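Notes follow the structure.
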Amino acid sequence: MTLKILTIVGARPQFIKAAAVSRAIRETDGLTEVMVHTGQHFDPNMSDVFFEELDIPRPRHHLDINGGGHGDMTGRMLMAIEPILLEEKPDWVVVYGDTNSTLAGALAASKLHIPVAHVEAGLRSFNRRMPEEINRVVTDHLSALQLCPTTTAVTNLAAEGVTAGVHHVGDVMYDATLFVTDKAEKSSAILSNLGLAPKTYALATIHRAENTADRQQLLAVVQFLQDQSRKFPVALPLHPRTRQAALAMGVSLGGLRVIDPVGYLDMAKLLHNAVEVYTDSGGVQKEAYFHRVPCITLRDETEWTETITHGWNRLWKQPAQAVRRDIDEYGTGRAAYDVARLLISGSSPGI
Ligand code: UDP
């Protein structure tokens, strides 16, 4: 018997996580995959480049849904996903992370009694003002299989009474990093294109609503980066949301090495060779650690608390908490294969 997995992705970090799991699904007997792209991220350098570089199967369904408020976007996704689920009749719907695409996929599937597997389950910032936190909490409570990247995520779920179907598998993003690092070192020309030598620059990303929706906050974050840029150049691959916000609010990015968003190979090369990383991204905080580069997180809390307790990361307004040591939680680069295995074994009646 072959189980049909329907994967729903829509945003950049989901393409990267899905690349690792999709590869594991292809290499696991008894699983076949259909991919749905909601269209939440659509610029070629926010979407197509990852499909090409990471060898992700072309989506069978492309919904082309983006823009609008949260309710508008999520509602349109729900309406578009439901008929696809009815047509495809998958055994599992797999969703990733914490975006509107995640929530819409989980909601549409669970209403049709299709079991949902949530990759990157159990993360909490405990800040319900973040749209991502709402998406995560609801998705976790709707999912039959909770695939947790850390033991803290397992504990967070237990505190909410969610214990059935919970597994600590490690972080599929670590799998993705291992997959590209050597290739990126050899093939990416991003450093020479930017005229940057290894270990002479810092890398920054900013994209969260909490940093881009309010002018004072965006100014404060940009000022922090500009201060850091007195020590070394700060390369800033600029998320479209941040570009629009800076333009609309008249926030100057002067003094920073602003570039367009880069593909995953260029990003791995930039991360691997940076002196420091400054970011409000969940993924980039961990990737900094995977490349053993210290990180400062441009937020007042983080879901990836082990990066702080193990000394690789600190919140921008707080001092470092610990001496640097390795983090075991994220696994050995085979998390995606555990996900595939659990999709097979978790499919027995009773989930
Ligand atoms: N990323 C990338 N190119 C860029 C900026 C980020 O490939 O120009 C990658 C980054 O390495 C990480 C992922 O995108 O794997 C993070 O996505 P994002 O910061 O948008 O989302 P989050 O991780 O906060 O959910």
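If you're wondering where the values come from, they're calculated on a predicted model, not measured in any experiment.
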Roughly how far, to the nearest 0.5 Å, is CD1 of I5 from CE of M35? 11.0 Å
Does N273 reach the main-chain N or O of K269 with its side chain, forming a donor-acceptor pair under 3.5 Å? yes
For the residue pair R124 and E303, establish whether any side-chain heavy-atom pair is separated by less than 4.5 Å. no
L103 and M77: same hydrophobic cluster, using ILVMFWY side-chain contacts below 4.5 Å? no
Looking at V49, is its backbone amide N or carbonyl O close enough to the side chain of E52 to form a donor-acceptor pair, meaning the two atoms are under 3.5 Å apart? no
Polar side chain donor-acceptor pair, H167 to Q146, under 3.5 angstrom: no
Under 3.5 Å, is there a donor-acceptor pair between the side chain of R230 and the main chain of F232? no
State, without any angle test, whether S125 and E301 hold a side-chain donor-acceptor pair at a distance under 3.5 Å. no
Pair F290 + Y174: ring centers closer than 6.0 Å: yes
With rounding to the nearest 0.5 angstrom, report the CD to CG distance, Q40 to N100. 5.0 Å
On the six-membered ring of Y289, is R292 placed so that its NZ or CZ lies under 6.0 angstrom from the centre and within 45° of the ring axis? yes
Taking R128 first and then E132, would you say they form a salt bridge - that is, a charged N and a carboxylate O separated by under 4.0 Å? no
Whether the side chain of T139 engages the backbone of R136 through a donor-acceptor N/O pair (distance < 3.5 Å, no angle test) should be reported. no
With no hydrogens and no angle check, do the side chains of Q321 and T309 hold a donor and an acceptor under 3.5 Å apart? no
Would you check, one step at a time, whether the test side-chain hydrogen bond (donor to acceptor under 3.5 Å, both in side chains) holds for N66 with H41? CA-CA 7 Å; N66 43 68; H41 284 170; over 6 Å; no
Salt bridge or not for E210 and R129, using N-O below 4.0 Å? no
Hey, is CG on D29 packed in by over 12 heavy atoms from elsewhere, all under 6.0 Å? no
If you count heavy atoms of other groups shown closer than 6.0 angstrom to NZ of K317, is the number above 12? yes
With a 3.5 Å distance limit and no angle check, can you tell me whether R324 reaches the backbone of P294 through a side-chain donor-acceptor pair? no
Using modelled atom types only, decide if a donor and an acceptor are shared between the side chain of S47 and the backbone of P44 within a distance under 3.5 Å. no
Heavy-atom donor-acceptor pair, R215 side chain to M249 backbone, under 3.5 Å: yes
Of T7, L3, L85, V34, which is the lone residue that meets side chain to side chain contact (heavy atoms under 4.5 Å, CB included) with P90? L85
Closest approach of A144 and P115, non-hydrogen atoms and distance? CB-CB, 4.1 Å
Treating D280 as the side-chain partner and H207 as the backbone partner, does any N or O pair qualify as donor plus acceptor under 3.5 Å? yes
Can you confirm whether the side chains of T102 and T99 place a donor and an acceptor under 3.5 Å from each other? yes
Quick one: sort the F15 and F51 rings into parallel, tilted or perpendicular, breaks at 30° and 60°. tilted
Any side-chain to backbone donor/acceptor pair from S187 onto K183? Under 3.5 Å, distance only. yes
Does one side chain, of T279 or Q285, offer a donor that lies under 3.5 Å from an acceptor on the other? no
So, R76 and D64, do they make that salt bridge, N to O below 4.0 Å? no
Using a distance-only test with no angle check, is there a side-chain donor-acceptor pair under 3.5 angstrom linking N156 and E160? no
What's the spacing between H239 NE2 and D43 CG if we round to 0.5 Å? 9.0 Å
Side chains of S188 and D266, donor plus acceptor under 3.5 Å: yes
Should L298 and V222 be regarded as members of a common hydrophobic cluster, given that ILVMFWY residues are connected when their side-chain heavy atoms come within less than 4.5 Å of each other, either directly or indirectly? yes
Tell me whether the NZ or CZ atom of R23 lies within the 45° cone about the ring axis of F179 and under 6.0 Å from its centre. yes
Rounded distance [0.5 Å steps], CD1 in I114 versus CH2 in W92: 11.5 Å
Out of curiosity, Y330 OH to H168 NE2, how far, rounded to the nearest 0.5 Å? 9.5 Å
So, D171 and K286, do they make that salt bridge, N to O below 4.0 Å? yes
Hydrophobic cluster membership, V9 vs V119, 4.5 Å side-chain cutoff: yes
Okay, side chain of E185, backbone of T181: is any donor-acceptor separation there less than 3.5 Å? no
All heavy atoms of C148 vs all of V166, minimum pair found to be SG-CG1, 3.9 Å
Could you tell me whether the side chains of E88 and H61 share a donor-acceptor contact shorter than 3.5 Å? yes
Salt-bridge contact E120-K17 (side-chain N to carboxylate O under 4.0 Å): yes
Hey, quick one: are V95 and V137 part of the same hydrophobic cluster, counting side-chain heavy atoms closer than 4.5 Å, chains of contacts allowed? no
Could you tell me the separation between the CE atom of M46 and the CG atom of D260, rounded to the nearest 0.5 Å? 11.0 Å
Relative to each other, are the rings of H272 and H291 parallel, tilted or perpendicular (30° and 60° limits)? perpendicular
I296 reachable from W304 in the ILVMFWY side-chain graph, under 4.5 Å edges: no
